[in-house]
Amino acid sequence: MRQSQLFTKTRKEAPKDEVAKNAQLLIRAGYIHKEMAGVYAYLPLGLRTLNKIVGIIREEMNAIGGQEIFMSSLQRKELWEVTDRWDDAKVDNWFKTNLNATAEADGKRGKELGLGFTHEEPITNMLEQFVSSYKDLPFSVYQFQTKFRNELRAKSGIMRAREFLMKDLYSFSKDDASHEDFYEKAKQAYIKIFERVGLGEQTYVTYASGGSFSEFSHEFQTITDAGEDTIYLCPDCRLAINKEIIEKQSVCVGCGGKELDEHTAVEVGNIFSLGTRFSEALNLMYVDEHNKKKPAVMGSYGIGPGRVMGTIVEVLADEKGLVWPKSIAPFAVHLVSLGNVGETASQLYQSLLDGNVEVLFDDRDASAGVKLADSELLGMPTRVVISPKTLERQSVEVTDRATGETELVPLTGLMARL
Ligand code: ATP
Ligand code: MG
């Protein structure tokens with residue numbers, strides 16, 4: 001894409017009321033727009049990154065057999081009453097609304113509805129019609145869906161939004177053993193996802209409280225000061241435990257001996273055994289091999305792509321701006337032309353496009369200082385500068401955004417180098 005065509009522009013200052021580093025940088029770079037506290041719009045560059053994160057998650061969910069669906073955000077009150085999750089005293093972050101009053105014969109306020117903060121109830125209710133026999137199990141369904149949560153604090157930018165995209169997957173198995181089998185597969189898929197988006201090293205599979213159906217759930221916690229959780233880590237074997245379940249800071253039970261270290265972290269994902277709570281309440285039953293009626297055993301598995309994106313900014317950005325791993329960068333290459341290089345820059349741009357390189361071409365009529373600073377703020381993994389000086393040597397200057405390493409590469413060897 002030609003940068004001269006991009007409607008977004010970089011800016012020097014983030015909004016005064018924005019305290020989170022991730023949102024400050026993403027707003028300055030024109031990736032997102034702040035609608036209000038905890039509510040953000042994704043602009044072209046931001047949406048490209050969000051969609052790449054979504055793409056990676058989708059591939060890994062498909063790889064473990066997940067079937068993609070798309071539920072509604074508008075939710076019927078009755079379903080949530082069945083599981084006692086409608087009452088504001090039980091769930092404190094509901095956004096609730098009403099159907100148009102004029103639709104009701106008595107002119108009273110229309111029916112109450114909720115904007116989904118999660119989807120166990122409607123999904124279990126919907127699937128009830130498709131499950132009757134043990135032969136129908138196991139299976140899993142997932143979606144990328146907007147969730148609404150009236151979060152008390154929304155100071156973490158896109159890491160804690162009031163309206164946000166979530167990938168939520170739900171698994172349905174006939175018994176605990178079959179459930180455990182899938183749960184382990186999902187855990188491995190999550191490990192792969194965080195590796196692929198560039199957070200593998202900083203992200204820990206963390207024991208967290210499990211509700212009443214299993215001793216533990218597993219959170220995927222990424223070490224960053226921008227997080228709101230505290231975890232304890234073994235410096236040797238990657239064992240990690242959320243502070244909420246640790247009795248006292250102790251030595252590692254994984255490899256023995258070593259003292260656990262305290263760290264601030266953010267939950268980027270969460271996998272949870274649900275047992276039969278929802279299937280029993282909403283009648284998701286099957287008949288087993290011996291003609292006995294039983295509730296399906298369920299699990300839920302969440303990731304917020306926006307929170308992942310914000311976390312990557314918090315972990316990898318530097319004082320000059322964003323730094324994207326190649327797997328999720330809006331563009332792999334930022335081609336920047338400086339000074340009068342005539343048609344050569346456009347030709348190079350075209351040859352990169354022809355070679356299927358995702359490239360943002362800064363073809364703007366602006367100073368070298370502005371262009372280079374913008375390039376660092378935007379954070380594409382590889383910058384290619386073409387200028388009269390580099391062309392004297394039939395070359396371009398290739399810079400790695402993360403390390404700052406620069407090298408002069410002959411034009412003829414550029415494709416091979418990217
Ligand atoms: P937290 O404890 O941080 O509030 P949670 O435990 O309520 O999160 P889950 O209900 O497990 O979160 O949601 C699954 C995933 O959705 C989380 O792991 C996180 O990645 C993402 N997520 C949750 N809340 C938000 C939010 N307000 N904004 C963006 N992403 C979110
Ligand atoms: Mg959680």
Side-chain angles (χ1 to χ4, degrees), residues 20 22-23 26 32 34-42 46 49-50 53-54 56-57 60-61 73 85 90-95 115-121 123 142-171 183 186-187 189-191 193-194 197 199 202-211 214 216-224 226-231 240 242-245 264-274 278 298-315:
N22 67 83
L26 290 166
I32 61 171
K34 184 173 192 170
E35 195 62 37
M36 62 184 103
V39 183
Y40 298 90
Y42 287 76
T49 288
L50 189 73
I53 295 171
V54 165
I56 288 171
I57 298 171
E60 297 301 337
M61 293 301 98
S73 287
R85 291 215 287 180
K90 298 274 163 52
V91 173
D92 62 2
N93 61 12
W94 267 115
F95 279 107
L115 295 169
F117 65 94
T118 182
H119 275 78
E120 282 85 1
E121 280 81 348
I123 236 156
Y142 74 96
Q143 61 178 347
F144 291 92
Q145 233 281 344
T146 302
K147 306 290 190 222
F148 294 87
R149 293 186 181 183
N150 202 345
E151 300 275 5
L152 203 59
R153 289 165 298 142
K155 290 195 163 59
S156 298
I158 60 170
M159 292 163 76
R160 185 175 293 288
R162 295 195 162 107
E163 176 182 338
F164 62 95
L165 193 64
M166 191 199 285
K167 185 286 296 174
D168 43 333
L169 180 141
Y170 304 87
S171 66
Y183 186 89
K187 193 199 287 170
Y190 269 50
I191 292 171
I193 289 166
F194 293 112
V197 300
L199 289 176
Q202 301 88 348
T203 303
Y204 290 80
V205 184
T206 306
Y207 290 99
S209 64
S214 61
F216 303 112
S217 68
H218 292 92
E219 292 173 345
F220 291 76
Q221 292 275 359
T222 305
I223 306 294
T224 164
E228 296 176 19
D229 291 358
T230 303
I231 63 169
N242 193 309
K243 187 178 184 171
E244 64 176 25
I245 59 159
T264 302
V266 59
E267 178 203 312
V268 284
N270 194 351
I271 63 175
F272 216 91
S273 296
L274 298 170
F278 295 95
M298 290 172 55
S300 72
Y301 313 77
I303 295 186
R307 182 175 288 187
V308 170
M309 181 169 158
T311 303
I312 290 166
V313 175
E314 295 286 344
V315 171

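Source: prediction; values computed, not measured. As the structure lists them, so they are numbered: ligands from 1, and atoms in each ligand from 1.
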Worksheet item: Is the closest side-chain heavy-atom distance between Y183 and S171 below 4.5 Å?
Response: no

Practice prompt. Answer with yes or no whether G306 contacts ligand 1, where contact means a heavy atom under 4.0 Å from a ligand atom.
Written response: no

Practice prompt. Would you check if I271 and L169 make a side-chain contact, meaning some heavy-atom pair closer than 4.5 Å?
Written response: no

Worksheet item: Parallel, tilted or perpendicular for F95 and F148, by the 30°/60° rule?
Response: perpendicular

Worksheet item: Counting each atom of ligand 1 from 1 as listed, which ones have a heavy atom of V268 under 4.0 Å away?
Response: 18 (O), 20 (O)

Worksheet item: Quick one: which of R307, R160, M309 has a heavy atom closest to atom 24 (N) of ligand 1?
Response: R307

Practice prompt. Run down the list A161, P305, G310 and name the one with the heavy atom closest to atom 28 (N) of ligand 1.
Written response: A161

Worksheet entry | Non-hydrogen side-chain atoms of K147 and F117 separated by less than 4.5 Å | no

Worksheet entry | G304-ligand 1 polar pair, N/O distance under 3.5 Å | yes

Discussion item. Test side-chain hydrogen bond (donor to acceptor under 3.5 Å, both in side chains) on D168 and Q143; report intermediate values, then the result.
Written reply: CA-CA 6 Å; D168 43 333; Q143 61 178 347; 3.1 Å; yes

Discussion item. My understanding is that we take every heavy atom of each candidate and find the minimum distance to atom 30 (N) of ligand 1. Doing that for F164, Y40, F148, F272, which one comes out nearest?
Written reply: F164

Discussion item. If you compare all heavy atoms of R149 against all heavy atoms of M166, which two are closest, and at what distance to 0.1 Å?
Written reply: NH2-CE, 3.4 Å

Practice prompt. Classify the angle between the aromatic ring planes of Y190 and F220 as parallel (below 30°), tilted (30 to 60°) or perpendicular (above 60°).
Written response: tilted

Worksheet item: Are any non-hydrogen side-chain atoms of I303 and F194 less than 4.5 angstrom apart?
Response: yes

Discussion item. Using a plain distance cutoff, I'd like to know if M166 has any nitrogen or oxygen under 3.5 Å from a nitrogen or oxygen of ligand 1.
Written reply: no

Response to the item:
If we number the atoms of ligand 1 from 1 as shown, the ones under 4.0 Å from a heavy atom of E151 are 24 (N), 26 (C), 27 (N)

Worksheet entry | Ligand-residue contact atoms, ligand 1 with N270, heavy atoms, under 4.0 Å | 6 (O), 11 (O), 18 (O)

Worksheet item: Is there at least one pair of N or O atoms, one from I303 and one from ligand 1, spaced under 3.5 Å apart?
Response: no

Worksheet item: Out of R162, E219, K147, R149, whose heavy atom is nearest to atom 12 (O) of ligand 1?
Response: R149

Discussion item. Please determine whether any non-hydrogen atom of T118 lies less than 4.0 Å from an atom of ligand 1.
Written reply: no

